[in-house]
Peer 1: 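This structure is in structure tokens; I'll ask about it shortly.
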Amino acid sequence: MSYLRTAAGKRLKYLLLGLAALLPFQNCSPFQPGQLNNAASSREPDTVANAARFQAAKDVIQRNCTACHYAGASGGPLLFETEDEYRNARLITAGSVSTSKLITRLRNYTAPIEGRNMPPTGPISAQDFAALTSWVSSMPMPTATELFTCSADEPAAQLDARRLSKSEMLNSLRRLLSRPFGATEAEQILTGSVATFLDRIPNDNRLPFSRSDRSFESGHADAYFDLAEELANAATNSARYSRLVTTFVNYSPAGCTNLNVNTLSAACRDAFINNFLLRLWGRPLEAGSGELVAYQAEFTGAATSLQAVNNFLFRAFVSPQFLHHLYTDVTPVAGGPANLSSFAIARRLSYHFQLANLDEALIQLASTSNLSEDTNYAMALNALSQSPAPMLQDFVDDWLKLYKIRSIATPSSAKWTQITTGLTVDNNMRAAMRQEILDLVGYLHQGGRPVQELMTSNVSTARHPDLMRVYGQSAPAPATFNETTAIRLPADERAGLATRAGYLYNSSDTERPVMRGLHVMSDFLCAEVKGQIPPDAAMTVIPSGLLTTREKYERATASSSCTGCHAQINPIGNAFANYNAFGGYQRTEPIFVDGTYRQDLPVNARVNVQAALQDNVEIEDGVAFSRWMATSPHFRACLTKQYQTYTQRLPAMPTATSSCDMLRMSEVIRNNGSLSDFLRAPAADARFRRRTLSQ
């Protein structure tokens, strides 16, 4: 038995899994957009009057707040040198007094938070309060170019070591096993006995995206060992062993002639090791590094070639080079970032777009071309960015939390019975709702459609009969279609992702406007609710009677302790009042009192989003709101930040505003560019082919 499979070897290997991944990256902190330009924002107030208001506000804060709120204090500092610092600390919202924490926490404010107001000694003077409100209310909103900027000397990312996500691991294994066994048998392996061990890998943390999970715990190591054991056994059973060895040796036999899989010669053994690890690791073994010798040792002392290959596979599947993203194959450049090798560039592209290691075409390209050279790189980028289906699905699934679409429930209420009449409500329909959204985004990408159509398209990809009934759709979407042949839903009922059943459904019999508002604010606008949840929030009673859902929730949240937050949330949720709890379109809402139907009341979806977004805009309904979002800087900035967080595997949404990647992506949207161009924007710059080395 291989030493690594003993108890002592397993403990040692756990250390190696962590250390081998991290040692090449000592002192290498995770890439953060805020590190790209260390200088504070250079934006200054536009006029002398604005500058004077800001200085007056700083003087007020200095006199009233800094005795407690100084640098290093438990409550945090309150005195900053620039307006941007106040914004980034989320103390103020430009142009909005009612959503600026610095003001709403003052005792002078009209809707105080009992026990939480400042200063503790009493209200500040009326003159000082007026100075603060004048500063905030007069502060201009940042423009799109101010949100994202790009420095000419912005460095490449540091590319910190981190483990593969579960999706990346599964896709890589699927691609690897399909080589000797074909796609069908590879899937049988992964969904058979191996699936049990894949399920033992701790779930990725999906906050904010699964790929952002940076944890590596004992549970991961234990699961990786068990998975490697099962994979090695499955790949070398009597029905597969010969195909496995023959396939990988024949990729490049080198000195291996007269292959005998039962008694591997040294040359055939080395060909197998080199060819297999090239495809598992995404790079050739490094000459003179001892890598080949280390894996040859797994063949020493094994009773048979089959057992030796089994030992080798186990060691390969628990190697840090497979389990982690490692970009150590670089060429240092004096005075600048290191150039990634062609294989490192190919790996980064492949994991970026396909969530998997290299296919044969990319291996060939990296073997024969210098991907640091612009023409060759463009060839690889174009090939991969045309088929980013795995990445696109993974991003949308995480971004809109489609994996959290609630399991179909059947509340025993008269209203639920009415809105689901004629539908077979089950988890097949739940899966169809999720798939419709993924298919729509895939269609927009493949069709070269503008990014803005994520929020405006009325194209239907629904094929499930019950989902079609929700939409009033008479025929299923064809397997393939274009802008001319596409089935379209009524333009006054559906516009983009926020109006699809999978996004609106909530498994209850009511529309839940508060939750809808929170989701839209978070997913499409990156707007945070400013305020504190009152201690008695859980005791809020939703009134009954002849009231629409909107009227019930407006009355329930009308108290002074609730209105600060709900003035922001409710309008956005109410804009979608034309959709029932299942996403069906409604112009009137059936009203039930004590379980008995009383009458239909007209739906009112007209709202103003001033409180939440500082835009004094009257919105007619969810369709109008979706179309407004499509062209707003709020959506442009939010989608850019969401995608940046996903692609760069950031642990939190970026708050810094300097990043060439983000500027490039936001400009694609602003210029009505395609979803395809937006998705490839992070990889389009030369920085993608380099990494900053730790000091």
Peer 1: Are R279 and Y251 in a cation-pi setup, meaning NZ or CZ lies under 6.0 angstrom from the ring centre and within 45 degrees of the ring axis?
Peer 2: yes
Peer 1: Classify the ring geometry of Y224 against H220: parallel below 30°, tilted from 30° to 60°, perpendicular beyond 60°.
Peer 2: tilted
Peer 1: Report yes or no: does R162 contribute a side-chain atom to a donor-acceptor pair with the main-chain N or O of R211 at less than 3.5 Å?
Peer 2: yes
Peer 1: Does a donor on one side chain and an acceptor on the other come within less than 3.5 Å for S372 and N339?
Peer 2: no
Peer 1: Would you say the ring centers of F276 and W281 fall short of 6.0 Å from each other?
Peer 2: no
Peer 1: Mind running salt bridge (charged side-chain N to carboxylate O under 4.0 Å, His left out) on R243 and E185 for me, showing each step along the way?
Peer 2: CA-CA 12 Å; R243 285 181 289 158; E185 191 171 351; 2.8 Å; yes
Peer 1: Are R649 and F209 in a cation-pi setup, meaning NZ or CZ lies under 6.0 angstrom from the ring centre and within 45 degrees of the ring axis?
Peer 2: no
Peer 1: Side chains of Q435 and R463: do they bring a donor and an acceptor to under 3.5 Å?
Peer 2: no
Peer 1: Using the six-membered ring of F272, assess whether NZ or CZ of R269 lies under 6.0 Å from its centre and within 45 degrees of the ring axis.
Peer 2: no
Peer 1: Measure from NZ or CZ of R449 to the centre of the six-membered ring of Y443, then state whether that distance is under 6.0 Å and the direction lies within 45° of the axis.
Peer 2: no
Peer 1: Checking D213 side chain against S165 main chain: does a donor-acceptor pair fall under 3.5 Å?
Peer 2: no
Peer 1: Will you find, in the side chains of S172 and Y351, an N or O donor that is under 3.5 Å from an N or O acceptor?
Peer 2: yes
Peer 1: Please check if the side chain of D394 supplies one atom and the backbone of P390 the other of a donor-acceptor pair under 3.5 Å.
Peer 2: no
Peer 1: Can a side-chain donor-acceptor contact be found between R430 and N427 if the only test is distance below 3.5 angstrom?
Peer 2: no
Peer 1: For a salt bridge (charged side-chain N to carboxylate O under 4.0 Å, His left out) check, start with the C-alpha distance between R664 and D685, then their side-chain angles and the critical distance, and finish with the verdict.
Peer 2: CA-CA 9 Å; R664 200 161 43 245; D685 191 81; 3.5 Å; yes
